[in-house]
There are 2 protein chains.
Amino acid sequence: MAGLPLDRIIEDDCIAAMEALPAKSVDMIFADPPYNLQLGGDLYRPEGGRVDAVDDAWDKFDDFSTYDRFTRRWLAAARRILKDDGTIWVIGSYHNIFRVGASLQDLGFWVLNDIVWRKANPMPNFKGTRFTNAHETMIWCSKSEDARYTFNYQAMKALNEDIQMRSDWVLPICTGGERVKVDGIKAHPTQKPEALLYRVLLACTEPGAVVLDPFFGTGTTGAVAKMLGRHYIGIEREPRYIRVAKERIAKVQPMTDEAMATMQSKRAQPRIPFGALVETGMVKAGTMLTDLSRRYRAAVRADGSLSMADDKGSIHQLGARAQGAPSCNGWTFWHIENAGKLVPLDTMRQQYRAEYGTA
Amino acid sequence: MAGLPLDRIIEDDCIAAMEALPAKSVDMIFADPPYNLQLGGDLYRPEGGRVDAVDDAWDKFDDFSTYDRFTRRWLAAARRILKDDGTIWVIGSYHNIFRVGASLQDLGFWVLNDIVWRKANPMPNFKGTRFTNAHETMIWCSKSEDARYTFNYQAMKALNEDIQMRSDWVLPICTGGERVKVDGIKAHPTQKPEALLYRVLLACTEPGAVVLDPFFGTGTTGAVAKMLGRHYIGIEREPRYIRVAKERIAKVQPMTDEAMATMQSKRAQPRIPFGALVETGMVKAGTMLTDLSRRYRAAVRADGSLSMADDKGSIHQLGARAQGAPSCNGWTFWHIENAGKLVPLDTMRQQYRAEYGTA
DNA sequence: TGGTCCCCTGAATCTAGGG
DNA sequence: CCCCTAGATTCAGGGGACC
């Protein structure tokens, strides 16, 4: 994408900066916006220490509506620069996440999931007045209902030991060596753990994608993007955060391409028609196929179609009709009997791919 | 409280019914409003079954603004009848919870916590298109910032093996004998588990308190209230649900201490996926693994899968395939070489648990 | 009686690409 | 735009049948 300030940090207000970028130019947006506002119109972050010092006189509704206006403005600017098939992530807590979620929906974003980051080691509730606030919420949206967004399902499944990834993620908070400090004091009050961004970027982008973070802070998004071979664009108002972020990102080593590889979706593999297996003699015409429970039997015909009683059709069609199901994956449904064992057609397909190449 | 229809179900629209009740008369409100799901066509499971979705007329709204008007009206009516020191709980999913949360705040409610119900056994995502929608969200509010609400901190701590109760609760969904059925068919599509209401009522009410549920359904709130010695007021429009709820509640025996003990939730057994070690940087992508005899070597990839020659898969799958065994515990099979010594992955897992906790 | 296996089900915004 | 077809896609728990 020409003209994009890739792998750089823009020092500016995020709304102005986004308005200066070309439309439909970034693949993903990750945003960790400020969560509350005070009388002066300045926005503070949750652990900023001034949260309890609210003036009693302020009008809640008025306050929320100011926050809502701010939220809609930056979300609208984000929407403009997001590609039509891109997605946006916004993280927040109960203080702001409902406003953010409603605004996202009002602007036409389509919620795909709300993700709960369940903190493995949260701050306890010292006063014993509420439940320990042990999670934050992320909202993941596409730009519209029918957008074809990126979701690396198999990579997420692999990351979770072959069980599909759930909407609740247990991850530790950012501590120890990962926590960026300046003169021994944490550089930013709400630095997010890299593991969180790691999962987000791995789930929803491909290597080389452009990820924008309008509230860049100390640059966790940039650090993880660089590590994973994605491009970042950071926007941050505060020079002191930018300074820290630059230093931090400079130290990051990108992964090798090999390490960066993930489990691929089967949809991405080239299509093999069943007929190709018949043509090459890997499956002989006349072979009888059966399902795993040996309930149904069908014969392979010379053109790669099947016949079962008077019915004829593709491996998928006949599998579906046999079961009375709306659809069926014939590759996994039908089996060939070999020395008393049932081998799925899918295994033959893998052999075909190995033998004749995948192209 | 004179004039309150205690331990009864009002057959009416909830807004009208609440408007007919005296102001500031109930101690707690638990509400499970329609979620405004926006479902497309039928959804089929991989094995061919059809998902029995929520398609009831009561969940249909024209658009967000219609839903918002409905939400504000019933919340305003609820606010009027709630005692000044009472609290309200509303449960929802990402479809509606942001609208609900924003409306609560706009009406002056003060959010105390958002509570995540992490479902132990959610319905999977059958098409591999998103993260498994494995939780629902409850918002817990007092009527104002300075209200002196009830929170039984010690009871919650006791329920959680003497550790502060967190904002994320792991509970199974409502199935088995608890699921109310009529002629073998579920009486209500969205019946909530009693364990959920048990925790809510135990946390935020005293015995004898009055708990109102404006979307009573098949009466889980009433059943648990009776069990725990609280009063309930149910409001429900549909006579068929009321009939079921009455029968159900009639059978409830107020609980003995012994029975209470069995209601206490088991702590979820933590499972650490290998991917978690990669995400947190404890095991870097690109690391080479080997078995104790150094016969096999595999590389760690970004998503926690391994690659060995052309083969890819989980630590368990690749361990099994390497040895030609039907299964393999990858945690003990694979090792990392560290200063000439081989450390099993299992040791890394123990370190992870020690560092980040297991819960 | 016990173990094994199969079946059923749960608030779901649930496909992709070519003609 | 619609229509059609290939084919990718599920976890945990409870209950009942069967050996």
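Each chain gets a letter, A, B and so on, in the order its sequence line appears, and its residues count up from 1.
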Less than 4.0 angstrom between a side-chain N/O of A/Lys157 and OP1 or OP2 of D/dT9, yes or no? no
Taking ring pair (Phe, Tyr, Trp, His ring centres under 6.0 Å) as the test, write out the residues that go with B/His188, two or more places apart. B/Trp58, B/Tyr241
First of A/Arg166 and A/Trp331 reached from the 5' end of DNA chain D, by closest nucleotide: A/Trp331
Using ring centroids (six-membered ring only for Trp), state whether A/Phe151 and A/Trp140 fall under 6.0 Å. yes
Pairwise C1' distance for C/dA11 and D/dG15, with rounding to whole Å: 23 Å
Salt bridge or not between A/Asp168 and A/Arg118? Use side-chain N to carboxylate O under 4.0 Å. no
CD of A/Gln323 versus P of D/dT9: gap in Å, rounded? 17 Å
Just N and O in the side chain of B/Arg118: are any of them under 4.0 Å from OP1 or OP2 of D/dA12? no
Touch check for A/Tyr153, heavy atoms < 4.0 angstrom, all strands: base, sugar-phosphate only, or nothing? sugar-phosphate
Starting at atom CZ of A/Phe274, determine the distance to atom P of D/dG7, rounded to an integer number of angstrom. 11 Å
Side chains of B/Ser305 and B/Arg301: donor-acceptor distance under 3.5 Å anywhere? yes
Have a look at B/Arg50 and say if it touches a base, only the backbone sugar-phosphate, or nothing, with a 4.0 Å heavy-atom cut-off. nothing
What do you reckon, is CZ of A/Arg297 surrounded by more than 12 foreign heavy atoms closer than 6.0 Å? no
Within a reach of under 6.0 Å around CZ of B/Arg248, are more than 12 heavy atoms found that belong to other residues, nucleotides or ligands? yes
Does A/Gln154 reach a base, just sugar-phosphate, or nothing at all? Heavy atoms under 4.0 Å. sugar-phosphate
Sequence-aligned protein contact record of nucleotides 9-19 of chain C, with B where the base is within under 4.0 Å of a protein heavy atom and S where only the sugar-phosphate is: BBBBBBSSS--
Would C/dT13 be called syn or anti here, given the cut-off of 90° from 0? syn
Measure the distance from CG on A/Leu292 to C1' on C/dC6 and round it to the nearest whole Å. 12 Å
Phosphate oxygens OP1/OP2 of D/dT5: is one of them under 4.0 Å from a side-chain N or O of A/Ser314? no
So, do B/Phe70 and B/Asn36 sit near enough that their side-chain heavy atoms are less than 4.5 Å apart? no
Under 4.0 Å: is that the gap between some side-chain N or O of A/His316 and OP1 or OP2 of D/dA6? no
Run the salt bridge (Lys or Arg N to Asp or Glu O under 4.0 Å) check on A/Asp106 and B/Arg99 step by step: do they pass? CA-CA 10 Å; A/Asp106 289 343; B/Arg99 327 299 305 188; 2.7 Å; yes
Protein-nucleotide distance (A/Asn329, atom CG; D/dT10, atom C1'), rounded to Å: 14 Å
Give the rounded distance in Å between these two atoms: CD of A/Gln164 and P of D/dA8. 17 Å
Using the P atom in both, what is the distance from C/dG10 to D/dG7, to the nearest Å? 32 Å
A/Lys266 atom NZ, over 12 foreign heavy atoms within 6.0 Å: no
Which one of A/Ile139, A/Asn113, A/Val200, A/Leu201 satisfies the side-chain contact (heavy atoms from CB on, under 4.5 Å) criterion with A/Trp89? A/Val200
Over how many whole Å does the gap from B/Glu178 atom CD to D/dG15 atom P extend? 12 Å
Given the rule in the side chain to side chain contact (heavy atoms under 4.5 Å, CB included) test, do B/Tyr198 and B/Leu171 qualify, once you have shown the distances and angles that lead to the verdict? CA-CA 11 Å; B/Tyr198 179 94; B/Leu171 293 170; over 6 Å; no
Gap in Å between the two C1' atoms, one belonging to D/dA12 and one to C/dT13, rounded: 23 Å
Would you indicate what A/Ser327 reaches in the nucleic acid, counting non-hydrogen atoms under 4.0 angstrom: base, sugar-phosphate, or nothing? base
Please map the stems of DNA chain C, keeping only stretches of three or more Watson-Crick or G-U wobble pairs with both distances under 3.5 angstrom. C:2-10 with D:11-19, C:15-19 with D:2-6
Between D/dT5 and C/dA12, how far apart are the two C1' atoms, rounded to whole Å? 24 Å
Could you tell me how far C/dC8 sits from D/dT10 if I compare only their C1' atoms? Round to whole Å. 13 Å
